[in-house]
Amino acid sequence: MRIIMGWTVRCEDSMEKKIKKIGVLASGGDAPGMNAAIRGVTLAAARAGISTVGILEGYEGLLHSRFLPLSVEDVSGVIDRGGTFLRTARSPEFATPEGVRKAAENAEKAELDAVVVIGGDGSFRGALDLSAAGVPVIGIPGTIDNDIGCTEYTIGFDTAMNTAMEAVDRIRDTAYSHERCSIVEVMGRRAGYIAYYTAIACGADIMLLPEDTLDFDRDVIAPLRAARDAGKREFLIVAAEGADGLDVLPEKIERDFGVKPTYSVLGYIQRGGSPTLRDRTMASLMGERAIACLLRGDEDRIIAVRNGEICALPIQEALAMKKELSASAIRAGKNLSCQ
Ligand code: F6P
């Protein structure tokens, strides 16, 4: 691959090809800030003379050629909107070799020189398949769970945490007034980032994370008793949905601590809503970076944040990277609770 006059040229092609048109899609669970990323991609592309086509409902839209041309005007007024106006979907058909082939054929028919995929790890694995089928791709990390190995930051995480924090604060007010024990379940099936930061920010007495194995007496009952002995009369437990033993937690607390807890599930409220400043700006800059990559000839990349800087990593390398809440980070968080 090389660059001629700032445009990407694929050396393996017999004819030189400049980037004229790209597709952009959102895939997997939506996240606040995805619209800002779509806007960032569209604006940066337009500035470089590249036209952008929105692909509706993720890979499903590529399979069924559901395209929406996007002009600069079309993305005006979307930066503050939650969700994704292109809509998103999970596509079982795209997960098959035939599906990938069909999607690649449709991308070629639509004359897409590259596809920008906004989503999580699963969406990036789909992007890798698409690139193997001949369609250059760029991935932008978008998920409220912040659970993508190659990047310190994913679009939507900041908004989701702030939404969770606000909701937990409200629950804590009423828990205080009634001297209750409140369990608040936040999202995070496999990763506890939302629970971890929300628990710290809300001064929770106990945090329960998927990264931890639960010893009920040690991790729940003993700290609750210690807090009560120290004079506390209301108790707050923040749990990630993927934490151990949540189904039996309320009844066990009632049995062994003598208090019937309230149980609130924040659920999808955390996935919607207007994105925060951080999500809007990071999504916009990541969208811009996706186009800068293509202009430089850097195809098949994932845009990531590493050491606080936006960068672009080769997709295979990015997908092999792992991250998780470290034991020391978890310990530090618990040192601020009663655990
Ligand atoms: O977006 C991430 C996430 O919210 C996870 O925390 C959760 O487990 C999952 O998506 C649920 O998404 P859905 O119900 O759309 O499958």
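For ligands, and for the atoms within them, numbers begin at 1 and follow the listed sequence. The model shown is predicted, which means the values in this text are computed figures rather than measured ones.
Contact annotation: for Arg271 versus ligand 1, heavy atoms closer than 4.0 Å belong to the side chain alone. Contacts between Arg90 and ligand 1 below 4.0 angstrom, taking non-hydrogen atoms only, involve the side chain exclusively.
Applying the side-chain hydrogen bond (donor to acceptor under 3.5 Å, both in side chains) test to every pair with at least one member in residues 211-225, sequence neighbours left out, gives these pairs: Asp212-Lys334. Annotation: salt bridge (Lys or Arg N to Asp or Glu O under 4.0 Å) contacts involving residues 246-258, sequence neighbours excluded, are absent.
A salt bridge links Asp30 to Arg271: at least one charged side-chain nitrogen sits closer than 4.0 Å to a carboxylate oxygen.
For Lys232, the NZ atom counts as densely surrounded, since its 6.0 Å shell holds more than 12 non-hydrogen atoms of other residues, nucleotides or ligands.
Taking atom 11 (C) of ligand 1 as the reference point, the nearest protein heavy-atom neighbour is Arg189 NH2, 3.4 Å. Of the protein's non-hydrogen atoms, the one nearest atom 2 (C) of ligand 1 is Asp145 OD2, 3.0 Å. Among protein heavy atoms, the minimum distance from atom 4 (O) of ligand 1 is reached at Met187 SD, 2.9 Å. Closest protein heavy atom to atom 14 (O) of ligand 1: Tyr268 OH, 2.3 Å.
Two residues are said to be in side-chain contact when any heavy atoms from C-beta on lie closer than 4.5 Å; Asp80 and Ser274 meet this criterion.
Atom numbering of ligand 1 starts at 1 in the shown order; those under 4.0 Å from a heavy atom of Gly188 are 6 (O). Atoms of ligand 1 lying under 4.0 Å from any heavy atom of Glu241, numbered from 1 in the order shown and given with element: 5 (C), 6 (O), 7 (C), 8 (O).
Listed for the Tyr197 side chain is no donor-acceptor partner under 3.5 Å among the backbone atoms of Asn162. Here the side chain of Thr154 pairs no donor or acceptor atom with the backbone of Phe157 at under 3.5 angstrom.
In this structure, Arg190 does not count as a contact residue of ligand 1, since none of its heavy atoms falls inside 4.0 Å of the ligand.
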